[in-house]
Amino acid sequence: MSQDSLALLAPDDLYSRLDAVIETTVSQHAERNDLEGRFPRENLQALAAAGWTGVLSAQRFGGLGLSHSDFAEAAYRIGRQDASTGLVYVMHVGAAQTINLFGNEDQKERWLKAKGGSLLGTYSTSERASGGHWWYNFSEAARDGEDYVLNAEKSFTTSSGQADFYVVQTRSPGAKDQADISFFIVDGKASGILPGRWDALGVKANHSGPIRYAGVKVPSRDRLGAEGQGKELIYDGVSPVYLIGLGAVWEGVARGALNAAVAHTLSFVHKDRNKNLSDYQAIRQELGAAKVLVEALRPWRNELAARLDELWRAGKPQSEILIPLTEFKVHAAEVANKVAATALTVTGGHGYRRGPIERSFRDARAAIAMGPSNVIARDWIGKSLVGLPLELFYEGGE
């Protein structure tokens with residue numbers, strides 16, 4: 001079905017197509033991709049064919065023209081089955097949305113609409129020298145006539161070596177200071193892109209490894225926004241869509257772990273006592289506590305997503321709710337970890353074996369570290385609470 005035809009489908013039909021992809025493709029490949037560290041390309045191709053990789057893009061650029069609520073719901077549903085695919089999906093939609101917000105018509109035609117909307121994008125921001133402060137770069141673009149040359153070593157880039165395009169953040173040529181940042185859309189086939197190896201505890205299929213840009217030439221037409229506008233892109237383009245999507249994936253991981261745990265406790269029988277695991281009060285209490293944590297996330301997610309849509313429609317900066325979005329990410333990450341641990345507890349040796357529950361436990365741990373890490377994010381939240389500046393770029397704040 002063409003992208004134009006997909007855009008005419010009713011929301012229920014679009015969600016039916018999404019669920020079919022998740023059931024027949026994402027869930028079927030999750031275990032294999034984890035075991036082999038295989039990038040989930042088939043999953044992303046299937047999501048693209050169903051239109052969902054263009055969830056926020058306008059219909060005239062091959063997208064579905066849906067809302068942040070729809071994007072977050074899709075990330076949640078994918079996360080229930082596979083965190084790796086969920087994270088790749090979120091980074092792609094985030095990169096595309098940053099182009100939607102700050103790109104020009106030509107860039108949207110070439111990177112969002114091209115090849116039926118099947119091109120896979122991602123962010124490439126963090127650098128080893130600044131660690132978890134992913135917004136702070138030391139690399140600096142150079143000029144090549146009217147064009148640019150990038151030399152940068154990025155520490156974590158989801159879909160590293162796999163993406164069709166990278167939304168790369170670096171200092172502007174001749175930057176005045178650390179906040180003089182520019183963004184570029186880099187063709188994934190450009191000469192000088194050197195991806196590193198990804199071998200991690202969890203989310204083993206998302207290929208969030210290091211990547212080096214060694215003398216990569218970028219035409220001026222692929223600078224995203226104006227020179228020096230990068231700080232605005234970080235606050236109002238990159239961060240909001242990333243945070244709502246990230247939290248939704250971890251909510252999905254939590255729900256998936258809980259569902260798997262409940263299914264096992266209902267089916268496993270202690271034949272010496274002729275009782276299911278679910279017949280034990282202690283087991284039910286653990287499951288009940290986990291369910292309360294998971295249920296708290298959906299209404300919060302929907303409220304934040306609706307607010308993002310309101311700000312988008314009004315042309316207002318989405319960074320107005322940066323701290324609430326950060327709070328959601330922190331809580332979703334912690335819930336995913338607590339619920340995955342509960343799932344291991346109530347399923348015993350079964351859950352500890354390789355499989356969906358064990359994988360959710362490993363995957364969920366990545367939620368704590370992903371930028372902004374929960375440690376850094378809680379400090380942001382605390383500073384906001386007591387009226388202190390965030391100090392992302394300058395001591396004492398801007």
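None of the values given here were measured: they were computed from a predicted structure.
Looking at heavy atoms from C-beta onward, V218 lies out of side-chain contact with I185 at the 4.5 angstrom threshold. Side chains of D177 and F393 form no contact here, defined as non-hydrogen atoms less than 4.5 Å apart. Residues W250 and E334 have side chains not in contact (no heavy-atom distance under 4.5 Å, counting atoms from C-beta outward). Residues V26 and H29 form no side-chain contact, since every pair of their non-hydrogen atoms from C-beta on lies 4.5 Å or further apart.
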Derivation of the ring pair (Phe, Tyr, Trp, His ring centres under 6.0 Å) call for F39 and W198
CA-CA 10 Å; F39 187 74; W198 173 244; over 10 Å; no
Assess the residue pair E31 and R354 against the criterion (salt bridge (charged side-chain N to carboxylate O under 4.0 Å, His left out)); give the C-alpha distance rounded to whole Å, side-chain angles, the decisive distance to 0.1 Å, and a yes or no.
CA-CA 9 Å; E31 198 65 24; R354 277 202 175 273; 5.5 Å; no
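Here Y148 pairs with F184 under the ring pair (Phe, Tyr, Trp, His ring centres under 6.0 Å) rule; sequence neighbours left out. Considering only residues two or more places apart in sequence or on other chains, E36 meets the side chain to side chain donor-acceptor pair (under 3.5 Å) condition with R38. The ring pair (Phe, Tyr, Trp, His ring centres under 6.0 Å) test applied to Y136 returns F138, not counting sequence neighbours.
Taking the six-membered ring where tryptophan is involved, the planes of Y89 and F71 are tilted, since the angle between them lies from 30° to 60°.
In the hydrophobic clustering of this structure, W300 groups with I381; members are Ile, Leu, Val, Met, Phe, Trp, Tyr whose side-chain heavy atoms approach within less than 4.5 Å, directly or through other members.
With respect to the salt-bridge test (charged N to carboxylate O, under 4.0 angstrom), the residues D187 and K189 do not qualify.
For the pair R298 and Y76, the cation sits on the ring face: its NZ or CZ lies under 6.0 Å from the ring centre, inside 45° of the axis.
Looking only at atom types and distance, the side chain of D70 has a donor-acceptor partner in the side chain of S67 under 3.5 Å away. The closest side-chain donor-acceptor pair between N137 and T170, if any, does not fall under 3.5 angstrom. Side-chain polar atoms of S139 and E127 form a donor-acceptor pair below 3.5 angstrom.
Sorted by first and then second residue, the pairs that involve residues 274-293 and meet side chain to side chain donor-acceptor pair (under 3.5 Å), not counting sequence neighbours, are H270-Y280, K291-E295. Contacts classified as ring-ring contact (aromatic ring centres under 6.0 Å, His included) and involving residues 350-370 (residues at least two apart or in different chains) are given here: H264-H350. Legend: salt bridge (Lys or Arg N to Asp or Glu O under 4.0 Å) pairs involving residues 41-54, not counting sequence neighbours, sorted by first then second residue: R32-E42.
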